[in-house]
Amino acid sequence: MNYWLLKTEPSSFSIEDLAAAPHKTTSWTGVRNYQARNLIRDQIHKGDEAFLYHSSSEHTGIVGIVRVVRGAYPDPSAFDRRDPHYDPAGSARAPRWYTFDVRLARRFKRMIGLDELRTHAADALAGMLLLRAGNRLSVTPVERAHWRFILKLE
DNA sequence: GCCAACGTTGGC
DNA sequence: GCCAACGTTGGC
């Protein structure tokens, strides 16, 4: 089983939105970055767990945990002309973009802020991709040791 | 294949 | 809103 970190902008989709969704489940659509696509398509599997991270907001940080309930399948939003993430380059036969489904496992009692995570960047969380300067990848793997350490911060 | 221009991400 | 860091595009 693998661990991940998924970024979302709470102004467009927050953990509150996920909590209110049917079955507390959503499909993680709209990823249009090849590196993230490859992770989704090749490495994210049913049963994996991921931190949910709120980015681009007043308070940025990890707000909870989701579980992958369905592995990769072609992202339908890429085939929808009216969708802002529509991409005519793909086809049903040769899909370019993938999605997967997650269900809310639990919300943290408190947000573990980016600033707090950074205080451990040189030791316990050394090498964590989220903390690397200039990292913009919306889907990143999380090392098991980092995962455990962050859980203890809560 | 190079690289400048452009668009996006995301912290601040 | 600013801007640094990236990724993508497209001319050559």
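Lettering of chains follows the sequences in order, A, B, ..., and the numbering in each one begins at 1. Computed from a predicted model, the values in this text were never measured in an experiment.
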Notebook entry, point to check: Contact class for A:Ser55 vs. all strands (heavy atom < 4.0 Å): base, sugar-phosphate, or nothing?
Noted result: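 Result for A:Ser55 = sugar-phosphate.
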Next item on the list: Quick one: label A:Ser57 by what it contacts on the DNA or RNA (base, sugar-phosphate, nothing), any heavy atom closer than 4.0 Å.
Entry: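 Nothing, no heavy atom under 4.0 Å.
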Over how many whole Å does the gap from [X] atom [atom1] to [N] atom [atom2] extend?
| X | N | atom1 | atom2 | result |
| --- | --- | --- | --- | --- |
| A:Leu129 | B:dT9 | CG | P | 19 Å |
| A:Leu117 | B:dG11 | CG | P | 11 Å |
| A:Met111 | B:dG11 | CE | C1' | 13 Å |
| A:Leu6 | B:dT9 | CG | C1' | 16 Å |
| A:Asn33 | C:dT9 | CG | C1' | 15 Å |
| A:Glu58 | B:dC12 | CD | P | 13 Å |
| A:Leu5 | B:dG10 | CG | P | 11 Å |
| A:Asn135 | B:dG10 | CG | C1' | 10 Å |

Check: Between A:Arg37 and A:Asp75, is there a side-chain N and carboxylate O pair less than 4.0 Å apart?
Finding: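 So A:Arg37 does not pair with A:Asp75 through a salt bridge.
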Checklist line | Basic-acidic side-chain contact under 4.0 Å: A:Asp87, A:Arg32 | finding: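 Judged by the 4.0 Å cut-off on N to carboxylate O distance, A:Asp87 and A:Arg32 do not form a salt bridge.
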Next item on the list: Examine B:dT9: is either OP1 or OP2 under 4.0 Å from a nitrogen or oxygen in the side chain of A:Tyr53? Give yes or no.
Entry: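 Answer is no, no contact under 4.0 Å.
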Item checked: Short side-chain N/O contact to B:dG10 OP1/OP2 from A:Lys7, under 4.0 Å ->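 Checking A:Lys7 against B:dG10: at least one side-chain N or O falls below 4.0 Å of OP1 or OP2.
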Checklist line | Identified salt bridge (Lys or Arg N to Asp or Glu O under 4.0 Å) counterpart of A:Glu154 within the set A:Arg107, A:Arg106, A:Arg148 | finding: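 That would be A:Arg106; it is the only one of A:Arg107, A:Arg106, A:Arg148 passing the salt bridge (Lys or Arg N to Asp or Glu O under 4.0 Å) with A:Glu154.
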Next item on the list: Could you tell me whether the side chain of A:Thr8 reaches within less than 4.5 Å of the side chain of A:His54, counting heavy atoms only?
Entry: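 Heavy-atom side-chain distance check passes, below 4.5 Å.
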Shorter than 3.5 Å, N or O on both sides, protein versus nucleotides 5-8 of chain B: list them out with atom names.
residue, atom, partner, partner atom, Å
B:dT8, O2, A:Arg136, NH1, 2.6

Next item on the list: Scan A:Phe149, A:Trp147, A:Trp4 and name whichever one has a ring pair (Phe, Tyr, Trp, His ring centres under 6.0 Å) with A:Phe51.
Entry: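 Exactly one option meets the ring pair (Phe, Tyr, Trp, His ring centres under 6.0 Å) with A:Phe51, and it is A:Trp147.
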Notebook entry, point to check: Which residue pairs satisfy the side-chain hydrogen bond (donor to acceptor under 3.5 Å, both in side chains) criterion with at least one member in residues 117-144 of chain A, sequence neighbours excluded?
Noted result: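 Listed by first then second residue: nothing to list.
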